[in-house]
Amino acid sequence: RLVALAQQLDAEDLEMNRAIGRHGRELLTGVEAVLTHCNTGALATSGYGTALGVIRARHELQPLHVYACETRPYLQGARLTAWELQREGIPVTLIVDSAAAWLMKAGRVQAVITGADRIAANGDVANKIGTYALAVLARHHGLPFFVAAPRSTIDLSLPDGNGIAIEVRSPDEVTHWAGQAVAPAGAGAWNPAFDVTPAELVTAIVTDAGVRRPPFTESLRRLVAAPVGVVDAGGDDASA
(Lines give C-alpha, C1' and ligand atoms only; values in the text may rest on other atoms or scores of the structure.)
Protein backbone atom coordinates (compact mmCIF):
# COMPACT_ATOMS: atom_id res chain seq x y z
CA ARG A 1 0.00 0.00 0.00
CA LEU A 2 2.84 2.39 0.78
CA VAL A 3 4.48 1.72 -2.57
CA ALA A 4 1.16 2.23 -4.36
CA LEU A 5 0.60 5.50 -2.51
CA ALA A 6 4.11 6.70 -3.37
CA GLN A 7 3.53 5.89 -7.04
CA GLN A 8 0.20 7.72 -6.96
CA LEU A 9 1.76 10.82 -5.40
CA ASP A 10 4.57 10.71 -7.95
CA ALA A 11 2.10 10.50 -10.85
CA GLU A 12 -0.02 13.33 -9.44
CA ASP A 13 3.02 15.57 -8.96
CA LEU A 14 4.20 14.87 -12.51
CA GLU A 15 0.81 15.86 -13.93
CA MET A 16 0.73 19.03 -11.78
CA ASN A 17 4.15 20.00 -13.12
CA ARG A 18 3.13 19.36 -16.72
CA ALA A 19 0.04 21.50 -16.11
CA ILE A 20 2.26 24.31 -14.78
CA GLY A 21 4.27 24.05 -17.97
CA ARG A 22 1.20 24.22 -20.20
CA HIS A 23 -0.23 27.23 -18.37
CA GLY A 24 3.04 29.11 -18.11
CA ARG A 25 4.54 28.64 -21.55
CA GLU A 26 2.39 31.40 -23.07
CA LEU A 27 4.01 33.89 -20.69
CA LEU A 28 7.29 33.29 -22.51
CA THR A 29 5.89 33.81 -26.00
CA GLY A 30 8.45 35.79 -27.99
CA VAL A 31 11.08 35.48 -25.25
CA GLU A 32 14.43 34.41 -26.67
CA ALA A 33 16.34 34.07 -23.40
CA VAL A 34 15.24 33.68 -19.78
CA LEU A 35 17.04 33.80 -16.43
CA THR A 36 16.34 31.25 -13.70
CA HIS A 37 17.65 30.53 -10.21
CA CYS A 38 18.38 27.42 -8.12
CA ASN A 39 16.94 24.09 -9.39
CA THR A 40 13.27 23.68 -10.24
CA GLY A 41 13.48 20.77 -12.64
CA ALA A 42 13.14 17.01 -12.74
CA LEU A 43 15.61 16.52 -9.89
CA ALA A 44 13.54 18.73 -7.59
CA THR A 45 10.17 17.26 -8.57
CA SER A 46 8.78 14.03 -9.99
CA GLY A 47 10.51 14.35 -13.34
CA TYR A 48 9.41 17.55 -15.14
CA GLY A 49 9.75 20.66 -13.00
CA THR A 50 8.01 23.90 -12.08
CA ALA A 51 9.94 26.90 -13.46
CA LEU A 52 12.01 24.52 -15.58
CA GLY A 53 8.75 22.83 -16.55
CA VAL A 54 7.56 26.14 -18.02
CA ILE A 55 10.88 26.50 -19.80
CA ARG A 56 10.65 22.95 -21.17
CA ALA A 57 7.10 23.52 -22.39
CA ARG A 58 8.06 26.78 -24.11
CA HIS A 59 11.16 25.24 -25.69
CA GLU A 60 8.96 22.56 -27.28
CA LEU A 61 7.24 25.33 -29.26
CA GLN A 62 10.15 27.71 -29.88
CA PRO A 63 13.90 27.70 -29.16
CA LEU A 64 14.70 29.22 -25.77
CA HIS A 65 18.10 30.04 -24.29
CA VAL A 66 18.42 29.77 -20.51
CA TYR A 67 20.80 31.69 -18.28
CA ALA A 68 21.18 29.88 -14.96
CA CYS A 69 22.48 31.50 -11.78
CA GLU A 70 25.07 29.30 -10.07
CA THR A 71 23.06 29.76 -6.83
CA ARG A 72 25.59 30.19 -4.08
CA PRO A 73 26.49 28.78 -1.68
CA TYR A 74 25.37 25.26 -2.62
CA LEU A 75 25.51 25.74 -6.40
CA GLN A 76 22.23 24.03 -7.31
CA GLY A 77 22.12 26.04 -10.53
CA ALA A 78 25.62 25.01 -11.56
CA ARG A 79 25.47 21.40 -10.41
CA LEU A 80 21.83 20.53 -11.21
CA THR A 81 20.05 23.01 -13.48
CA ALA A 82 22.85 23.28 -16.04
CA TRP A 83 23.13 19.48 -16.12
CA GLU A 84 19.39 18.99 -16.62
CA LEU A 85 19.15 21.54 -19.40
CA GLN A 86 22.10 20.00 -21.21
CA ARG A 87 20.41 16.59 -21.10
CA GLU A 88 17.21 18.17 -22.48
CA GLY A 89 19.11 19.81 -25.33
CA ILE A 90 18.13 23.30 -24.15
CA PRO A 91 20.95 25.85 -24.57
CA VAL A 92 22.18 26.99 -21.16
CA THR A 93 24.72 29.56 -20.03
CA LEU A 94 25.85 29.59 -16.40
CA ILE A 95 26.50 32.89 -14.62
CA VAL A 96 27.70 33.81 -11.15
CA ASP A 97 24.86 35.22 -9.07
CA SER A 98 26.41 38.68 -8.99
CA ALA A 99 26.40 38.91 -12.82
CA ALA A 100 22.58 39.00 -13.03
CA ALA A 101 22.31 42.80 -13.00
CA TRP A 102 24.81 43.22 -15.81
CA LEU A 103 23.14 40.41 -17.77
CA MET A 104 19.85 42.31 -17.65
CA LYS A 105 21.51 45.63 -18.42
CA ALA A 106 23.14 44.05 -21.48
CA GLY A 107 19.71 42.97 -22.74
CA ARG A 108 20.60 39.28 -22.84
CA VAL A 109 17.34 38.13 -21.19
CA GLN A 110 13.72 39.20 -21.59
CA ALA A 111 12.23 37.53 -18.51
CA VAL A 112 13.03 35.92 -15.15
CA ILE A 113 11.28 32.80 -13.84
CA THR A 114 11.85 31.00 -10.54
CA GLY A 115 10.12 28.46 -8.34
CA ALA A 116 8.72 28.94 -4.84
CA ASP A 117 8.86 27.05 -1.55
CA ARG A 118 5.88 28.89 -0.07
CA ILE A 119 3.52 31.62 -1.23
CA ALA A 120 1.62 33.76 1.28
CA ALA A 121 -2.00 34.84 0.83
CA ASN A 122 -0.97 38.27 -0.50
CA GLY A 123 1.44 36.80 -3.07
CA ASP A 124 4.71 37.23 -1.15
CA VAL A 125 7.02 34.44 -2.30
CA ALA A 126 9.61 32.52 -0.29
CA ASN A 127 12.30 30.91 -2.41
CA LYS A 128 16.02 30.16 -2.53
CA ILE A 129 18.21 33.01 -1.31
CA GLY A 130 18.92 35.42 -4.15
CA THR A 131 15.41 35.34 -5.61
CA TYR A 132 14.47 38.66 -4.00
CA ALA A 133 17.51 40.31 -5.54
CA LEU A 134 16.55 39.03 -9.00
CA ALA A 135 13.02 40.41 -8.59
CA VAL A 136 14.36 43.84 -7.63
CA LEU A 137 16.74 43.80 -10.60
CA ALA A 138 13.99 42.68 -12.96
CA ARG A 139 11.75 45.56 -11.86
CA HIS A 140 14.58 48.08 -12.34
CA HIS A 141 15.27 46.79 -15.86
CA GLY A 142 11.61 46.53 -16.86
CA LEU A 143 11.55 42.73 -17.12
CA PRO A 144 8.68 40.47 -16.06
CA PHE A 145 9.33 38.31 -12.99
CA PHE A 146 7.36 35.07 -13.00
CA VAL A 147 6.97 32.47 -10.24
CA ALA A 148 5.99 28.85 -10.95
CA ALA A 149 4.74 26.51 -8.23
CA PRO A 150 1.97 23.96 -7.58
CA ARG A 151 -1.22 25.20 -5.95
CA SER A 152 -0.25 23.35 -2.74
CA THR A 153 2.56 25.89 -2.24
CA ILE A 154 0.03 28.64 -1.47
CA ASP A 155 -0.51 29.08 2.27
CA LEU A 156 -3.59 31.20 2.96
CA SER A 157 -2.97 30.94 6.71
CA LEU A 158 -0.14 33.45 6.23
CA PRO A 159 -1.44 36.93 5.38
CA ASP A 160 1.99 37.94 4.10
CA GLY A 161 5.59 36.80 3.90
CA ASN A 162 6.51 38.20 7.31
CA GLY A 163 5.19 35.00 8.86
CA ILE A 164 7.45 32.71 6.86
CA ALA A 165 10.29 31.31 8.96
CA ILE A 166 13.63 31.55 7.15
CA GLU A 167 16.13 28.76 7.75
CA VAL A 168 19.67 29.91 8.53
CA ARG A 169 22.14 27.20 7.63
CA SER A 170 25.68 26.46 8.78
CA PRO A 171 28.25 29.19 8.08
CA ASP A 172 30.55 26.43 6.87
CA GLU A 173 28.62 26.36 3.60
CA VAL A 174 29.89 29.89 2.96
CA THR A 175 33.39 29.66 4.41
CA HIS A 176 34.17 26.22 2.95
CA TRP A 177 33.59 24.35 -0.28
CA ALA A 178 34.08 20.59 -0.65
CA GLY A 179 35.88 20.57 2.68
CA GLN A 180 38.33 23.29 1.66
CA ALA A 181 38.40 26.66 3.42
CA VAL A 182 37.73 29.61 1.10
CA ALA A 183 37.76 32.23 3.88
CA PRO A 184 40.22 33.04 6.68
CA ALA A 185 39.98 30.87 9.78
CA GLY A 186 37.59 32.40 12.30
CA ALA A 187 35.74 34.52 9.73
CA GLY A 188 32.01 34.72 10.50
CA ALA A 189 29.30 34.11 7.90
CA TRP A 190 25.55 34.61 7.69
CA ASN A 191 23.85 31.95 5.59
CA PRO A 192 20.06 32.33 5.19
CA ALA A 193 18.82 29.60 2.86
CA PHE A 194 15.77 31.53 1.59
CA ASP A 195 14.41 35.04 1.16
CA VAL A 196 10.95 36.51 0.61
CA THR A 197 10.08 38.45 -2.52
CA PRO A 198 7.30 41.04 -2.00
CA ALA A 199 4.19 40.47 -4.08
CA GLU A 200 4.48 43.88 -5.75
CA LEU A 201 7.59 42.63 -7.57
CA VAL A 202 5.86 39.52 -8.97
CA THR A 203 4.35 39.85 -12.43
CA ALA A 204 2.42 36.56 -12.35
CA ILE A 205 2.25 33.28 -10.46
CA VAL A 206 1.90 30.10 -12.54
CA THR A 207 0.20 27.12 -10.89
CA ASP A 208 -1.18 23.79 -12.05
CA ALA A 209 -4.64 25.44 -12.08
CA GLY A 210 -3.70 28.48 -14.14
CA VAL A 211 -1.88 31.81 -14.12
CA ARG A 212 -2.66 34.40 -11.48
CA ARG A 213 -1.88 38.10 -11.59
CA PRO A 214 -2.20 40.93 -9.03
CA PRO A 215 -4.05 41.63 -6.86
CA PHE A 216 -3.01 38.24 -5.53
CA THR A 217 -5.01 38.37 -2.31
CA GLU A 218 -8.20 37.78 -4.27
CA SER A 219 -6.89 35.73 -7.19
CA LEU A 220 -5.01 33.25 -4.97
CA ARG A 221 -7.96 32.86 -2.61
CA ARG A 222 -10.23 31.90 -5.50
CA LEU A 223 -7.60 29.56 -6.86
CA VAL A 224 -7.20 27.63 -3.61
CA ALA A 225 -10.98 27.45 -3.15
CA ALA A 226 -11.56 25.95 -6.61
CA PRO A 227 -12.00 22.15 -6.83
CA VAL A 228 -8.88 20.21 -7.77
CA GLY A 229 -8.62 19.91 -11.54
CA VAL A 230 -10.68 23.03 -12.19
CA VAL A 231 -9.09 26.09 -13.80
CA ASP A 232 -10.76 29.23 -12.50
CA ALA A 233 -10.77 31.58 -15.49
CA GLY A 234 -11.90 34.56 -13.49
CA GLY A 235 -10.38 37.18 -15.74
CA ASP A 236 -6.87 37.05 -14.32
CA ASP A 237 -5.96 33.66 -15.81
CA ALA A 238 -3.69 34.23 -18.80
CA SER A 239 -4.13 30.64 -19.93
CA ALA A 240 -7.90 30.90 -20.31
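Heavy-atom basis, side chains included; hydrogens, waters and symmetry copies ignored. Computed from a predicted structure; not experimentally measured.
Screening residues 29-69 for ring-ring contact (aromatic ring centres under 6.0 Å, His included) gives H65-Y67 as the qualifying pairs, with residues at least two apart or on separate chains. Within the structure, side chain to side chain donor-acceptor pair (under 3.5 Å) pairs that include any residue of residues 94-105 do not occur (at least two apart or interchain). Listed by first and then second residue, the side chain to side chain donor-acceptor pair (under 3.5 Å) pairs involving residues 163-175 are E167-R169, R169-E173, E173-N191 (not counting sequence neighbours). Screening residues 176-217 for ring-ring contact (aromatic ring centres under 6.0 Å, His included), with sequence neighbours left out, gives no hits. Sorted pairs that involve residues 133-148 and meet side chain to side chain donor-acceptor pair (under 3.5 Å), not counting sequence neighbours, are lacking altogether.
Through chains of ILVMFWY side-chain contacts below 4.5 Å, L80 is grouped with L43, W83. When hydrophobic side chains of Ile, Leu, Val, Met, Phe, Trp and Tyr are connected at separations under 4.5 Å, Y74 ends up as a singleton with no cluster partners. By the 4.5 Å side-chain criterion applied to Ile, Leu, Val, Met, Phe, Trp and Tyr, L5 is assigned to a cluster that also includes L9.
A side chain to side chain contact (heavy atoms under 4.5 Å, CB included) with I55 holds for exactly one of V92, V34, T50; it is V34.
A salt bridge is absent between R56 and E60; no separation between the charged side-chain nitrogens and carboxylate oxygens falls under 4.0 Å.
Side-chain contact between C38 and T114 is absent, with no heavy-atom pair separated by less than 4.5 Å. With contacts defined as side-chain heavy-atom distances shorter than 4.5 Å, the pair R72/L75 qualifies. With contacts defined as side-chain heavy-atom distances shorter than 4.5 Å, the pair V174/P171 does not qualify.
Interatomic distance, CG of N17 versus OG1 of T40, reported as 9.0 Å (0.5 Å rounding).
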Less than 3.5 Å apart, which donor and acceptor atoms pair up between the side chains of residues 195-205 and the rest of the protein, not counting sequence neighbours?
| from | atom 1 | to | atom 2 | distance (Å) |
| --- | --- | --- | --- | --- |
| D195 | OD1 | Y132 | N | 3.3 |
| D195 | OD2 | G130 | N | 2.8 |
| D195 | OD2 | T131 | N | 3.3 |
| D195 | OD2 | Y132 | N | 3.2 |
| T197 | OG1 | Y132 | N | 3.4 |
| T203 | OG1 | F145 | N | 2.9 |

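Residues satisfying the salt bridge (charged side-chain N to carboxylate O under 4.0 Å, His left out) test with E15, not counting sequence neighbours, are R22. Residues meeting the salt bridge (charged side-chain N to carboxylate O under 4.0 Å, His left out) test with D155, sequence neighbours left out: R118. Under the salt bridge (charged side-chain N to carboxylate O under 4.0 Å, His left out) criterion, E70 pairs with no residue, sequence neighbours left out.
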